[in-house]
Amino acid sequence: MSVKVLGVSAGRANSNSDILLKEALLACQAEGADVTMINLRDYDIIDCTGCTSCTIGMSQGKNAGCVLDKKDDKKKIMEVLLEADGVIFAAPTYDLEACSVFAKFAQRSLSYETSFLETIGAIEHRDRVSALIAVGGSTRSWQSMALESMQAAMFTTDFKVVDMYLATRVPAPAQCLLYDEMMERVGLMGKNIMTAIHTPAEERKWLGDENMGWCPNCHSNALILGEVQWDGLHYPVECQVCGAGGNLEKAENGKWKFVIQENGLIRDRTTVEGRAKHLEEIAHTQGGFFQDPEKRKIVNEKLEKFKNLKFKTI
């Protein structure tokens, strides 16, 4: 039985994101994959309303789904996406990050959070792999959060990122076709996806550029100063994407490197166990509010001021 690979584009039809994605998918198809491709711009996807119905249900042991499931195409896409063995995403970069079309789709995925649903016994675990292509007209300087913002969308549905590529300095439509090395690189990405799919889940590893990024765990290029978390856990420095904790150390060559400390992966967002810790946080903070009538009473009383407060609009 052939493996299933899905390509998801958030760019303009037949422009850089689309073209690079198609080249990667051709490599998958050449190795026997059953390939499907969609462009998110062809579908109706409503913004997440922030109602938190899905997480309220999960924190109470229920799979409530999304209240918008019957109103747009998100669920239809997710049914295909979650059946894929591998998915390659491609998106243009706007304002340092992946475009809003990609973000809107990604931010509606909380109701599908596999670690939460597995924790409450609503679904069985399934291992999946993914690769990411971000495209922009500048160097990394003006695409500094593009791949990282796409990575952040992979955890929810438990896609292990095995390769990433940042296509730079291609601002014009289809300009990537001028650069053979760029096309070859995404072709290699397709091959890497197939290699990962045919590798036992416990043996899968990073197949992208060897020294990519600061983080040795997820290969993101973004670190933040750590702050005390909800339960007192604290790391001096954290990976902004996967949550690995550690500190900066100077290597023998005089350059700085991020070293993950001994317990630095207990909140690793790339694992079911690490993300399940966030369900505990939600149950503690959100549950602590909804299950406390006195807190709700205080909020409702103070809310009247803001309900009645009106400013001129446009």
Hydrophobic cluster membership, Val299 vs Leu309, 4.5 Å side-chain cutoff: no

Suppose the criterion is salt bridge (charged side-chain N to carboxylate O under 4.0 Å, His left out): which pairs have a residue in residues 111-124, not counting sequence neighbours? Glu113-Arg275

Take Leu223 and Gln240 through the side chain to side chain contact (heavy atoms under 4.5 Å, CB included) test and state the conclusion after the steps. CA-CA 5 Å; Leu223 299 178; Gln240 179 176 314; over 6 Å; no

Same cluster or not: Phe105 versus Leu147, using hydrophobic residues (I, L, V, M, F, W, Y) connected whenever any side-chain heavy atoms lie under 4.5 Å apart? yes

Following the transitive rule for hydrophobic clusters with a side-chain heavy-atom cut-off under 4.5 Å over Ile, Leu, Val, Met, Phe, Trp and Tyr, establish whether Val5 and Met78 coincide in one cluster. no

To the nearest 0.5 Å, what is the distance between OH (Tyr94) and OG (Ser149)? 13.0 Å

Verify, without hydrogens or angle tests, whether Thr156 (side chain) and Ala153 (backbone) share a donor-acceptor contact under 3.5 angstrom. no

Side chain to side chain contact (heavy atoms under 4.5 Å, CB included) evaluation trace for Thr139 with Leu166: CA-CA 9 Å; Thr139 60; Leu166 187 65; over 6 Å; no

Sub-4.5 Å side-chain heavy-atom contact between Leu207 and Thr195: yes

If hydrophobic clusters are built from ILVMFWY residues whose side chains come within less than 4.5 Å, do Ile38 and Val87 share one? yes

Contact check, side chains of Gln151 and Cys218, non-hydrogen atoms, under 4.5 Å: yes

Can you tell me if CZ on Arg204 sees more than 12 non-hydrogen neighbours from other groups inside 6.0 Å? yes

If we count only N and O atoms by modelled type, under 3.5 Å, do the side chains of His284 and Glu281 hold a donor and an acceptor together? no

Tell me which donor-acceptor pairs under 3.5 Å the side chains of residues 248-265 have, and how far apart each pair is, sequence neighbours excluded?
from   : atom 1 : to     : atom 2 : distance (Å)
Asn253 : OD1    : Lys255 : N      : 2.9
Gln261 : NE2    : Asn263 : OD1    : 2.9

Look up atom CG in Leu6 and atom CG in Leu81, then write down how far apart they are to the nearest 0.5 Å. 5.5 Å

Can you give me the closest heavy-atom contact between Arg269 and Val241, atom names plus distance? NH1-O, 2.7 Å

If you compare all heavy atoms of Met150 against all heavy atoms of Ala134, which two are closest, and at what distance to 0.1 Å? SD-CB, 4.0 Å

Side-chain heavy atoms nearer than 4.5 Å, only ILVMFWY residues, links allowed to pass through others: does that put Val3 and Val162 together? yes

Nearest heavy-atom neighbours spanning Val67 and Cys51: CG2-SG, 3.9 Å

Residues forming a side chain to side chain donor-acceptor pair (under 3.5 Å) with Ser109, sequence neighbours excluded: Lys74

Set of residues satisfying side-chain contact (heavy atoms from CB on, under 4.5 Å) with respect to Thr271, sequence neighbours excluded: Asp268, Glu273

Check the side chains of Asp34 and Ser2 for a donor-acceptor pair under 3.5 angstrom, ignoring hydrogens and angles. no

Straight-line distance of Tyr112 OH to Thr157 OG1, nearest 0.5 Å: 10.5 Å

Whether Arg185 and Asp209 form a salt bridge (side-chain N of Lys/Arg under 4.0 Å from carboxylate O of Asp/Glu) is what I want to check. yes

Donor-acceptor pair, His219 side chain versus Met212 backbone, under 3.5 Å? yes

Please report the closest heavy-atom contact between Met183 and Leu177, naming both atoms and the distance. CE-CD2, 3.9 Å

For the atom pair OG (Ser17) and CG (Asn39), what is the distance rounded to the nearest 0.5 Å? 9.0 Å

Shortest non-hydrogen contact between Gly86 and Ile197, atoms and distance: N-CD1, 4.0 Å

Is there a side-chain contact between Met58 and Leu117 (heavy atoms, below 4.5 Å)? yes

One thing to verify: whether Arg267 and Asp231 come together as a salt bridge, which I'm taking to mean a side-chain N less than 4.0 angstrom from a carboxylate O. yes

Under the ring-ring contact (aromatic ring centres under 6.0 Å, His included) test, residues paired with Trp214 that sit two or more places apart: none

Using side chain to side chain contact (heavy atoms under 4.5 Å, CB included) as the criterion, point out the one residue from Ile19, Ile133, Leu25 that pairs with Val186. Ile133

Partner set under side-chain contact (heavy atoms from CB on, under 4.5 Å) for Ile56, not counting sequence neighbours: Thr52, Gln60, Gln286, Phe290

If you apply the rule side chain to side chain contact (heavy atoms under 4.5 Å, CB included), what do you find for Cys66 with Cys54, and how did you get there? CA-CA 6 Å; Cys66 178; Cys54 58; 5.8 Å; no

Heavy atoms of other groups near Leu225 CG, more than 12 under 6.0 Å: no

Inter-residue atom distance Thr270.OG1 - Asp158.CG, 0.5 Å rounding: 8.5 Å

Minimum heavy-atom separation for Lys277 and Trp230, please, with both atom names. O-CZ2, 4.2 Å

Closer than 3.5 angstrom, by distance alone: can the side chain of Asn16 be matched with the main-chain N or O of Ala172 as a donor-acceptor pair? yes

Reference residue Asp85; test salt bridge (Lys or Arg N to Asp or Glu O under 4.0 Å); the match among Lys4, Arg128, Arg126: Arg126

Is the shortest side-chain heavy-atom distance between Lys160 and Asp127 below 4.5 Å? no

Any chance the side chains of Gln143 and Thr93 put a donor and an acceptor closer than 3.5 Å? yes

Is the shortest side-chain N to carboxylate O distance from Arg108 to Asp73 below 4.0 Å? no

Are Phe159 and Val161 packed together at the side-chain level, in the sense that at least one heavy-atom pair is separated by less than 4.5 angstrom? no

Checking side chain to side chain contact (heavy atoms under 4.5 Å, CB included) for the pair Ile282/Phe116: CA distance, chi angles, key distance, verdict? CA-CA 11 Å; Ile282 290 173; Phe116 294 3; 3.7 Å; yes

Heavy-atom check, side chain of Thr49 versus side chain of Leu68, under 4.5 Å: yes

Leu96 side, atom CG; Arg140 side, atom CZ - distance, nearest 0.5 Å: 11.5 Å

Check: Met154 and Leu132 side chains under 4.5 Å, non-hydrogen atoms: yes

Compare all side-chain heavy atoms of Cys99 with those of Arg41 and state whether any distance is below 4.5 angstrom. yes

Any chance the side chains of Gln175 and Arg169 put a donor and an acceptor closer than 3.5 Å? no

